[in-house]
Amino acid sequence: MLPLDPTRGFDAAYDRRFGIFLASLVLAVAVLLTDRNRSRGSDPADHDRDPEAFHEIVNRSDVYTLDVHVPEQRHIEGTNAFIPYDSIRDYRHLLPDEDVPIALYCRSDSMSRQVTDVLSKLGYEEIHLLRGGIQAWNERDLPLTEHRFGDPGVRTVE
């Protein structure tokens, strides 16, 4: 590497310091860009709700509750729709507008975590995920319904 200061001549120590400076600068820029990109998306953990908090959320009248587990399972009382986790984009027409809060769940939370990312990319900002899924819900003896959708769809008023 050539020294930046031509009056100093060749100086190995100067070259090492310059190399360290350059490497540090590149690392700092990379960290800044990573943090900037991370702040644009949301951390999936920010959506996690324990069963009790999730129960309160699904009881709100403004929340759209969605089961994404495959195969279909027993649903939380008040579930608005069943859409398989891997078909969310195919059934986009069954989802509410992006400004409507969505509460989603599956059996263990792995499928709903994948859907959280898809919904974020579709423009949804208020997403609530049941941490631990129906398994955690059942451990707390929270209410389920016997209603079955059969096919992906929205629950009609009974």
Side-chain angles (χ1 to χ4, degrees), residues 19-158:
I20 291 170
F21 168 76
L22 193 57
S24 299
L25 182 62
V26 169
L27 181 61
V29 169
V31 167
L32 287 172
L33 290 175
T34 301
D35 285 344
R36 191 173 122 200
N37 288 338
R38 191 176 298 144
S39 68
R40 284 186 186 161
S42 57
D43 182 354
D46 292 344
H47 304 288
D48 285 15
R49 305 291 177 262
D50 64 48
E52 289 77 14
F54 194 82
H55 188 241
E56 289 179 24
I57 290 166
V58 299
N59 284 322
R60 289 180 13 204
S61 63
D62 65 327
V63 173
Y64 189 86
T65 304
L66 175 63
D67 185 350
V68 297
H69 185 72
V70 177
E72 186 176 11
Q73 62 186 350
R74 288 183 66 196
H75 303 284
I76 291 173
E77 187 66 46
T79 296
N80 298 98
F82 160 65
I83 303 173
Y85 80 101
D86 56 355
S87 300
I88 289 295
R89 285 189 170 90
D90 297 337
Y91 290 98
R92 173 69 177 91
H93 63 282
L94 297 178
L95 295 174
D97 293 334
E98 291 84 2
D99 61 340
V100 174
I102 293 186
L104 64 120
Y105 64 95
C106 63
R107 183 179 57 84
S108 64
D109 84 18
S110 62
M111 294 176 185
S112 51
R113 284 192 189 284
Q114 293 178 47
V115 174
T116 297
D117 185 48
V118 173
L119 292 175
S120 291
K121 289 177 181 171
L122 289 174
Y124 291 89
E125 294 182 13
E126 188 177 342
I127 304 168
H128 305 278
L129 177 141
L130 174 57
R131 184 176 49 241
I134 287 289
Q135 292 172 335
W137 186 268
N138 285 334
E139 289 173 5
R140 306 295 200 305
D141 291 322
L142 294 166
L144 294 173
T145 180
E146 294 299 325
H147 174 80
R148 297 289 179 161
F149 289 88
D151 292 318
V154 176
R155 187 173 189 173
T156 56
V157 178
E158 298 171 357

Quiz item: Could you walk me through whether V118 and R89 pass the side-chain contact (heavy atoms from CB on, under 4.5 Å) check?
Solution: CA-CA 8 Å; V118 173; R89 285 189 170 90; 3.8 Å; yes

Practice problem: Before giving the answer on side-chain contact (heavy atoms from CB on, under 4.5 Å), spell out for L66 and V68 the whole-Å C-alpha distance, their side-chain angles and the decisive distance to 0.1 Å. | Solution: CA-CA 6 Å; L66 175 63; V68 297; 3.8 Å; yes

Exercise. Take F82 and L94 through the side-chain contact (heavy atoms from CB on, under 4.5 Å) test and state the conclusion after the steps.
Key: CA-CA 9 Å; F82 160 65; L94 297 178; over 6 Å; no

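Proximity of L119 to I88: side-chain heavy atoms (C-beta onward) are separated by under 4.5 Å at one or more points. The shortest side-chain heavy-atom distance between P84 and P152 falls under the 4.5 Å cut-off. No side-chain heavy atom of L129 sits less than 4.5 Å from a side-chain heavy atom of V115.
When every heavy atom of A103 is checked against every heavy atom of I57, the shortest pair comes out as CB-CG2, 4.2 Å. Between C106 and Q73, the shortest heavy-atom distance links the atoms C-NE2, 3.5 Å. The two residues G78 and T65 come nearest to each other via the heavy atoms O-CB, 4.0 Å.
Remark: aromatic rings of H75 and F149 are close, center separation under 6.0 Å.
Distance check, rounded to the nearest 0.5 Å: CZ of R60 to NE2 of H55 gives 14.0 Å. Between R113 atom CZ and S108 atom OG the span is 9.0 Å, to the nearest 0.5 Å. One distance of note links CG of N80 with CG of L104; it measures 12.0 Å at 0.5 Å rounding. We find the CD-CD distance between Q135 and E139 to be 7.5 Å, quoted to the nearest 0.5 Å. Annotation: the span from L95 atom CG to L122 atom CG amounts to 7.5 Å, rounded to 0.5 Å.
With respect to E98 and R92, a salt bridge is recorded, a charged nitrogen being found less than 4.0 Å from a carboxylate O. For the pair R49 and E126, the salt-bridge criterion is not met [side-chain N within less than 4.0 Å of a carboxylate O].
Judged purely by atom type and a 3.5 angstrom limit, Y124 uses its side chain to pair as donor or acceptor with the backbone of P96. In this structure, the side chain of T116 engages the main chain of S112 through a donor-acceptor pair within 3.5 Å. A distance-only check finds a donor-acceptor pair linking the side chain of D50 to the backbone of A53 [under 3.5 Å]. One N or O on the side chain of D67 and one on the backbone of H69 form a donor-acceptor pair closer than 3.5 Å. Side chain of H47 to main chain of I127: a donor-acceptor pair is present (N/O by atom type, distance under 3.5 Å, no hydrogens or angles). Remark: the backbone N or O of P71 is not paired with any side-chain donor or acceptor of R107 at under 3.5 angstrom.
Residue E72 qualifies as enclosed at atom CD: its count of foreign heavy atoms under 6.0 Å is above 12.
A search for side chain to side chain contact (heavy atoms under 4.5 Å, CB included) contacts involving I76 returns F54, V58, T79, Y105, L130, I134, W137, L144, not counting sequence neighbours.
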